[in-house]
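To keep things clear, I will list the structure first and then write my remarks on it.
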Amino acid sequence: MIKRSMFDKGLCVFPSMIVKVLSRRTIAFPVYLLIFAGSIHATEQPKIIAGPYLQHVTKTSITIMWETDTPSLSMVRFGKSRFLPKGKNSAPLDQQVSSTETNTIHELVLNNLEPQTDYFYQVHSHNNGKQGVESKVLTFQTAVKDTSPFAYVVMGDNRTYPERFKKLAEKAFAERPNFVLNVGDVVSNGANKKEWITEYLAPASELMKRVPTYVAIGNHERNASWFYRYVSYPTPENYYSFDYGNAHFTIVDSNAKLVPGSKQRRWLEEDLASSSAKWKFVAHHHPPFSSDADDYGNTSVESSRRGDPRVQSLIPIYEKYNVDVVWCGHIHDYERTWPIRDGKVDQAKGVIYIQAGGGGAELENFAPTRSWFTAKVLRNWQYCLVTIHEGTFRMMAYDIDGRMYDFLELKK
Ligand SMILES: [Fe+2]
């Protein structure tokens with residue numbers, strides 16, 4: 001970062017002091033002027049308070065975001081990884097994109113990139129090139145070619161306990177995935193702006209500055225405007241789809257309308273019908289199949305629906321379009337189902353549902369009896385790693401201490 005003088009840092013506290021000082025009405029006029037001048041000077045020196053972090057990545061583009069404490073212009077310098085001429089020892093950043101308007105939450109798209117290629121990047125925020133701040137030089141990789149192997153991590157429900165999420169995010173980054181899919185509830189209250197930094201962006205910063213992340217919006221995000229400001233996905237962002245390698249990912253908003261005839265349900269059908277990808281994955285926050293103890297009926301005294309009825313209505317669509325795995329969360333532990341079709345286990349043609357809600361929030365309990373669909377449960381904080389090459393899918397699920405407790409291989 002560009003170094004700021006102690007004088008600049010000291011002046012940054014003045015705006016919050018002004019109200020207190022003025023209310024006393026005892027301060028001399030020249031001192032007001034000094035404080036006012038100081039507050040203006042302080043706003044000219046933006047400071048990065050979140051990010052940078054990577055969002056939607058394709059074979060030829062990526063979105064980079066960050067936040068500054070004061071409105072400023074945005075610029076990203078970037079360049080392709082390459083061997084340097086002898087004597088040079090800094091990353092080549094020979095291209096740049098910039099905005100013409102000032103923002104606090106910055107979002108720039110880098111286009112015309114090469115597939116499956118490593119790049120260096122550095123974000124800058126400045127006021128007309130005078131006072132500025134810049135990040136370290138960081139890295140990203142564009143999406144792989146359709147025939148190449150790739151890996152992604154799935155985690156979710158990290159809200160409220162940033163220390164646990166930080167530990168899991170570090171483990172996720174240690175896997176060096178191509179991207180991360182978060183099944184939602186990334187913050188306790190999506191309307192509370194500061195939680196987007198304290199609960200989501202800051203604990204996972206080491207991961208998110210180098211690995212693109214996708215979120216399936218949870219109920220705790222509350223469909224708040226901050227969700228749309230802090231993330232960047234294909235429109236309309238609360239539901240969207242993307243391709244990566246030979247796979248198609250469809251992200252559903254399970255808080256929004258899903259009844260027959262609803263806009264999102266029509267979109268979901270069209271999206272799945274139009275994809276010819278080898279692998280099809282769906283993600284949404286709420287689980288169609290879950291052995292939770294009390295969310296779908298209190299299993300100590302009554303029957304349970306063993307899953308969320310609203311998303312259970314989507315099961316025929318998943319079966320019709322041969323979705324391979326549906327990822328979900330909401331319940332704070334892990335559960336994998338057998339392959340399911342027509343309400344029973346069908347190992348040849350079934351859809352597998354994996355609840356990966358052990359991202360940090362308080363753990364929940366399972367019903368005391370095993371569900372007919374359960375293949376594996378784990379009551380612990382956890383994340384999943386998926387690797388794919390051509391017709392081979394492998395999923396390894398790890399607990400917060402790095403122990404692998406589940407493994408799944410699919411071939412087609
Ligand atoms: Fe939830």
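Owing to the predicted nature of the structure, the values given are computational and were not obtained by experimental measurement. We count ligands from 1, going down the list as the structure has it; atoms in each ligand are counted the same way.
In this structure, R176 is positioned above the aromatic face of F173, its NZ or CZ under 6.0 Å from the six-membered ring centre and within 45° of the axis.
Under the rule for a side chain to side chain donor-acceptor pair (under 3.5 Å), the partners of T392 that lie at least two apart in sequence or sit in another chain are K411.
When F179, Y239, Y233 are each tested for a ring pair (Phe, Tyr, Trp, His ring centres under 6.0 Å) with F249, only one passes: F179.
Between the side chains of E335 and T374, at least one donor N or O lies within less than 3.5 Å of an accepting N or O.
Within the sub-2.8 Å shell of the Fe ion (ligand 1), the protein contributes these N/O/S atoms: D185 OD2, N219 OD1, H285 NE2, H330 ND1.
Ion pairing between a basic and an acidic side chain is recognised when a charged N comes within 4.0 Å of a carboxylate O; K193 and E67 show such pairing.
Nearest approach of Q355 to S290, heavy atoms of both residues: OE1-OG, 2.9 Å.
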